[in-house]
Amino acid sequence: MKIGFIGCGNMASAMIGGILKKGLVQKNDIIVSNLTEAGSKRSREKLGVETTMDNREVAKKAKILFLAVKPQFYEEVILEIRDLLTEEQILVSIAPGKTLKWLEDTCGCSMKIIRLMPNTPAQVGEGMTGGCCNERVTEEDAQKISEIAGSFGRFEFVPERLLDAFSAVCGCSPAYVFMFIEAMADAAVAQGLPRSQAYSFAAQAVMGSAKMVLETGKHPGELKDMVCSPAGSTIEGVRILEKAGMRSAVFEALNGAAEKGKRL
Ligand SMILES: NC(=O)c1ccc[n+]([C@@H]2O[C@H](COP(=O)([O-])OP(=O)(O)OC[C@H]3O[C@@H](n4cnc5c(N)ncnc54)[C@H](OP(=O)(O)O)[C@@H]3O)[C@@H](O)[C@H]2O)c1
């Protein structure tokens, strides 16, 4: 089974890395296209997969065809390949804002279409990917895609109407978490810790806290309360964060990202 990627930048490379690591297919079962020779060279050297600069070659060879270019190039790329698309192929879109209806209309043929929304932690096998599909996708196809998306982290199907919300919580939020880690590290440096240790200490604290939410099944509020001893230093920090409107800022950021996603 050949898997094709039109566009092989950050996100496609992360997904291919997971697919190869899990051994779902061999390197020579993957073909990717890039816009530039430099992009092709990067994909060959980093991933060892077959490369081309001809999107039509990828569309012809792939049974599962990922579109992994920036959303603004989707239409141009689909128009370039659409006469080659067949009902047996599965087209996978990873762009925000490009609905199943838009994809079906632009492809102009009745094909199997899946929307996936991965995130950059996929690069380290800890992605959180959401997805939805049109009614032509069979259970067997959905199973295959679950296996692929599960190779670079967790995967769940969500209704299409919730995909923009999912995308804000999982696709965009790594940026906000990185900002949080950076801010924690700056404070650590202000308190005298060396810069190099400050980042790894802050990152490990965030990773451990996330793991506690996932593995204990406890409410995040309960876990927070467990850290706050009466009249202690942690609750003083909680007071300062609440005064600064931290919860509201996070709420607004994710809401804004979800609304913007709908307009892309
Ligand atoms: N990054 C994220 O966190 C994230 C999360 C979820 C979804 N996504 C979606 O994933 C998609 C890809 O994002 P990315 O971050 O991976 O982008 P990226 O790193 O900029 O990669 C884009 C790739 O597309 C190639 N390309 C551009 N125009 C092309 C064309 N006409 N034909 C063939 N290839 C072309 C580029 O080739 P060259 O290198 O040769 O220029 C490059 O390999 C986007 O739709 C984005 O919205 C991204």
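Only this structure's heavy atoms are used, side chains among them; waters, hydrogens and symmetry mates stay out. Just follow the structure's listing: the first ligand is 1, and inside any ligand the first atom is 1.
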For [X], the ligand 1 atoms whose distance to one of its heavy atoms is below 4.0 Å:
| X | result |
| --- | --- |
| C8 | 23 (C), 43 (O) |
| P71 | 44 (C), 45 (O), 47 (O) |
| M117 | 6 (C), 7 (C) |
| G7 | 23 (C), 24 (O), 25 (C), 34 (N) |

What protein heavy atom sits nearest [atom], and how far off is it?
| atom | value |
| --- | --- |
| atom 32 (N) of ligand 1 | N55 ND2, 2.9 Å |
| atom 13 (O) of ligand 1 | K70 NZ, 3.8 Å |
| atom 21 (O) of ligand 1 | G9 CA, 3.2 Å |
| atom 10 (O) of ligand 1 | I94 CD1, 3.1 Å |
| atom 39 (O) of ligand 1 | R42 NH2, 3.0 Å |
| atom 43 (O) of ligand 1 | N34 OD1, 2.6 Å |
| atom 30 (C) of ligand 1 | L35 CD1, 3.8 Å |
| atom 3 (O) of ligand 1 | T120 CG2, 3.3 Å |

When you group the ILVMFWY residues by side-chain heavy-atom contacts below 4.5 Å and let the links chain together, are [Y] and [X] in the same group?
| X | Y | value |
| --- | --- | --- |
| I6 | I145 | yes |
| V92 | M117 | no |
| M128 | V177 | no |
| Y199 | V206 | no |

For the residue pair W102 and Y74, does the interplanar ring angle fall in the parallel (under 30°), tilted (30 to 60°) or perpendicular (over 60°) class?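 Answer is tilted, since the angle falls between 30° and 60°.
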Exam field: side chain [X] to backbone [Y], donor-acceptor pair closer than 3.5 Å:
| X | Y | answer |
| --- | --- | --- |
| R136 | I113 | no |
| K224 | H219 | no |
| E160 | R115 | no |
| N134 | M111 | yes |

Any side-chain donor paired with an acceptor under 3.5 Å for T138 and D141?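 The answer is yes; a qualifying pair exists.
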Ligand 1 and [X], any nitrogen or oxygen pair closer than 3.5 angstrom?
| X | value |
| --- | --- |
| I6 | no |
| P96 | no |
| N10 | yes |
| M11 | yes |
| N119 | no |
| Y74 | no |
| V77 | no |

Would [X] and [Y] pass as an ion pair if we require N to O under 4.0 Å?
| X | Y | answer |
| --- | --- | --- |
| R239 | E236 | yes |
| R56 | D83 | yes |
| E75 | R82 | no |

Among [options], whose heavy atom sits nearest [atom]?
| atom | options | value |
| --- | --- | --- |
| atom 5 (C) of ligand 1 | G171, C172, G39, P118 | P118 |
| atom 38 (P) of ligand 1 | T36, T51, T129 | T36 |
| atom 11 (C) of ligand 1 | V58, V69, V32, L67 | V69 |

Of the side chain and backbone of A68, name the one, both, or neither that has a heavy atom under 4.0 Å from an atom of ligand 1.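 A68 to ligand 1: backbone contact only, side chain stays beyond 4.0 Å.
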Of the side chain and backbone of A95, name the one, both, or neither that has a heavy atom under 4.0 Å from an atom of ligand 1.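 Looking at A95 and ligand 1, atoms from backbone and side chain both fall under 4.0 Å.
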Show, in sequence, the C-alpha distance, side-chain angles and deciding distance for K262 and E259, and conclude whether the salt bridge (Lys or Arg N to Asp or Glu O under 4.0 Å) test is met. CA-CA 5 Å; K262 288 177 195 164; E259 290 304 321; 3.1 Å; yes
